[in-house]
Amino acid sequence: MNEDFLKKRFEGHFPQLIGAEQGEYSVLIPFIKKNDEFCLIFERRSGSVSQPGEISFPGGKKEVSDTDLLYTAIRETKEELGLREQDIRNTFSFDILVTPFNKVIYSYTAFVEEHAEFFPNKDEVEELLFIPFSSFVKQEPEAYFGKVMIERAKNFPFEKIPNKEQYAFATGSYITYFYQYNDVVIWGLTASLLKNLIDVFKK
């Protein structure tokens, strides 16, 4: 083994996300103008998908055939909301949400044509919600703080590390946010993205 051998092993490597075993996900944060006011488009998830009944932005997991994560967000939005690609314009990269459960979510903002027609996929979407953006800007979300810890396996080799069972393992913190508009509750990952959106807007 020499330096050239090692160099050839690493020089063409494309950086990967360590710990994202569940994959990369991408969502679109879509604005639309209704009655002279900008609204955010949310979907209520149908009973046949994960997290049924919850409120989310359109999006999903990146597929191998997707050219990039923006493509994923637009593809999923077209499939779920029944929009044409030309109805989606002015897309911008937004924030990346790293979750404590091996999932990374990329987000993009976009504007949907005011007179676009929606044909929601009923297998995935129970209903669409158009909520004024200003209603979120005016409110502070409820915030609930949690602690993230690793539960070690029963056969974890404590004898191989300093201080054994008394080792001071690092812990993390996790905040769960809640927003409410009338009887609609938005929480979890969607609320985290929404909070960042509002924070950037207010800067």
So how far is it from [X] [atom1] to [Y] [atom2], rounded to the nearest 0.5 Å?
{"X": "Lys61", "Y": "Ile105", "atom1": "NZ", "atom2": "CD1", "result": "12.0 Å"}
{"X": "Lys103", "Y": "Leu189", "atom1": "NZ", "atom2": "CG", "result": "7.0 Å"}
{"X": "Tyr25", "Y": "Leu97", "atom1": "OH", "atom2": "CG", "result": "13.0 Å"}
{"X": "Ser46", "Y": "Glu80", "atom1": "OG", "atom2": "CD", "result": "9.5 Å"}
{"X": "Glu54", "Y": "Trp187", "atom1": "CD", "atom2": "CH2", "result": "5.0 Å"}
{"X": "Asp87", "Y": "Ile32", "atom1": "CG", "atom2": "CD1", "result": "8.5 Å"}

TODO: Using atom types as modelled and distance alone, determine if a side-chain donor or acceptor of Thr72 lies under 3.5 Å from a backbone N or O of Lys62.
DONE: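 Absent.
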
TODO: Please confirm whether the backbone N or O of Met149 pairs with a side-chain atom of Glu151, one donor and one acceptor, at under 3.5 Å?
DONE: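 Side chain of Glu151 to backbone of Met149, a donor-acceptor pair under 3.5 Å: no, none is there.
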
Open item on the list: In the structure I gave you, are the side-chain heavy atoms of Val185 and Ile55 within less than 4.5 Å of one another anywhere?
Closed with: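 SC-SC contact between Val185 and Ile55 ruled out.
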
Return a table of donor-acceptor pairs under 3.5 angstrom between the side chains of residues 112-136 and protein atoms on other chains or two or more places apart.
residue: Glu113; atom: OE2; partner: Arg89; partner atom: NE; Å: 2.8
residue: Asn121; atom: OD1; partner: Asp123; partner atom: N; Å: 3.0
residue: Asn121; atom: ND2; partner: Glu124; partner atom: OE2; Å: 3.3
residue: Glu127; atom: OE2; partner: Arg44; partner atom: NE; Å: 2.7
residue: Glu127; atom: OE2; partner: Arg44; partner atom: NH2; Å: 3.4
residue: Ser134; atom: OG; partner: Glu37; partner atom: OE2; Å: 2.8
residue: Ser135; atom: OG; partner: Pro132; partner atom: O; Å: 2.6

Task: Of all pairs that satisfy salt bridge (charged side-chain N to carboxylate O under 4.0 Å, His left out), the ones with a partner from residues 169-189, not counting sequence neighbours - done: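 Of all non-adjacent pairs touching residues 169-189, none passes salt bridge (charged side-chain N to carboxylate O under 4.0 Å, His left out).
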
Open item on the list: Strictly by salt bridge (charged side-chain N to carboxylate O under 4.0 Å, His left out), give each pair with a member in residues 3-20 just once, sequence neighbours left out.
Closed with: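 Salt bridge (charged side-chain N to carboxylate O under 4.0 Å, His left out) check on residues 3-20 returns no pairs.
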
Identify every side-chain donor-acceptor pair in residues 153-181 under 3.5 Å, counting partners at least two apart or on other chains, and give the distances.
residue: Gln180; atom: NE2; partner: Asn182; partner atom: O; Å: 3.0

- [ ] Could you list the residues that satisfy side-chain contact (heavy atoms from CB on, under 4.5 Å) with Thr91, not counting sequence neighbours?
- [x]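 With neighbours one apart ignored, the set is Leu70, Ile74, Ile88, Ala110.
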
Open item on the list: Which residues pass the salt bridge (Lys or Arg N to Asp or Glu O under 4.0 Å) test with Glu79, not counting sequence neighbours?
Closed with: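 By the salt bridge (Lys or Arg N to Asp or Glu O under 4.0 Å) rule, Glu79 matches Arg75.
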
Task: Shared-cluster residues of Ile150, by chain and number - hydrophobic side chains joined below 4.5 Å - done: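 Direct or chained contacts put Ile150 with none.
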
Open item on the list: Which residues end up grouped with Leu6 if you chain together Ile, Leu, Val, Met, Phe, Trp and Tyr wherever their side-chain heavy atoms are less than 4.5 Å apart?
Closed with: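 Met1, Phe5, Phe10, all in the cluster of Leu6.
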
Open item on the list: Could you check whether atom CG of Asp36 has more than 12 heavy atoms from other residues, nucleotides or ligands sitting under 6.0 Å from it?
Closed with: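 Counting neighbours around CG of Asp36, 12 or fewer heavy atoms of other residues, nucleotides or ligands fall under 6.0 Å, so no.
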
Should [X] and [Y] be counted in the same cluster of Ile, Leu, Val, Met, Phe, Trp and Tyr side chains packed under 4.5 Å apart?
{"X": "Phe145", "Y": "Phe101", "result": "no"}
{"X": "Val27", "Y": "Leu83", "result": "no"}
{"X": "Ile186", "Y": "Ile41", "result": "no"}
{"X": "Leu28", "Y": "Phe111", "result": "no"}

Task: Phe42 ring center within less than 6.0 Å of Phe57 ring center - done: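 Yes, ring centres under 6.0 Å apart.
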
Task: Results of side chain to side chain donor-acceptor pair (under 3.5 Å) for Thr190 - residues two or more places apart only - done: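 Not a single residue meets the side chain to side chain donor-acceptor pair (under 3.5 Å) criterion with Thr190.
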
Open item on the list: Applying side chain to side chain donor-acceptor pair (under 3.5 Å), can you list everything that pairs with Ser56, at least two apart in sequence or on another chain?
Closed with: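 Residues passing side chain to side chain donor-acceptor pair (under 3.5 Å) with Ser56: none at all.
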
Open item on the list: Considering only residues two or more places apart or on different chains, which pairs with a residue in residues 65-86 satisfy ring pair (Phe, Tyr, Trp, His ring centres under 6.0 Å)?
Closed with: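 Of all non-adjacent pairs touching residues 65-86, none passes ring pair (Phe, Tyr, Trp, His ring centres under 6.0 Å).
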
Open item on the list: If you compare all heavy atoms of Gly60 against all heavy atoms of Glu76, which two are closest, and at what distance to 0.1 Å?
Closed with: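 The answer is N-CG, 3.5 Å.
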
TODO: List the atom of Phe94, the atom of Leu193, and the distance in Å for their closest heavy-atom pair.
DONE: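 Closest approach of Phe94 to Leu193: CE2-O, 4.1 Å.
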
Side-chain polar contacts of residues 194-203 - donor-acceptor pairs under 3.5 angstrom, sequence neighbours left out - could you list them?
residue: Lys195; atom: NZ; partner: Asp199; partner atom: OD2; Å: 2.8
residue: Asn196; atom: ND2; partner: Asp95; partner atom: OD2; Å: 3.1
residue: Lys202; atom: NZ; partner: Val137; partner atom: O; Å: 3.2

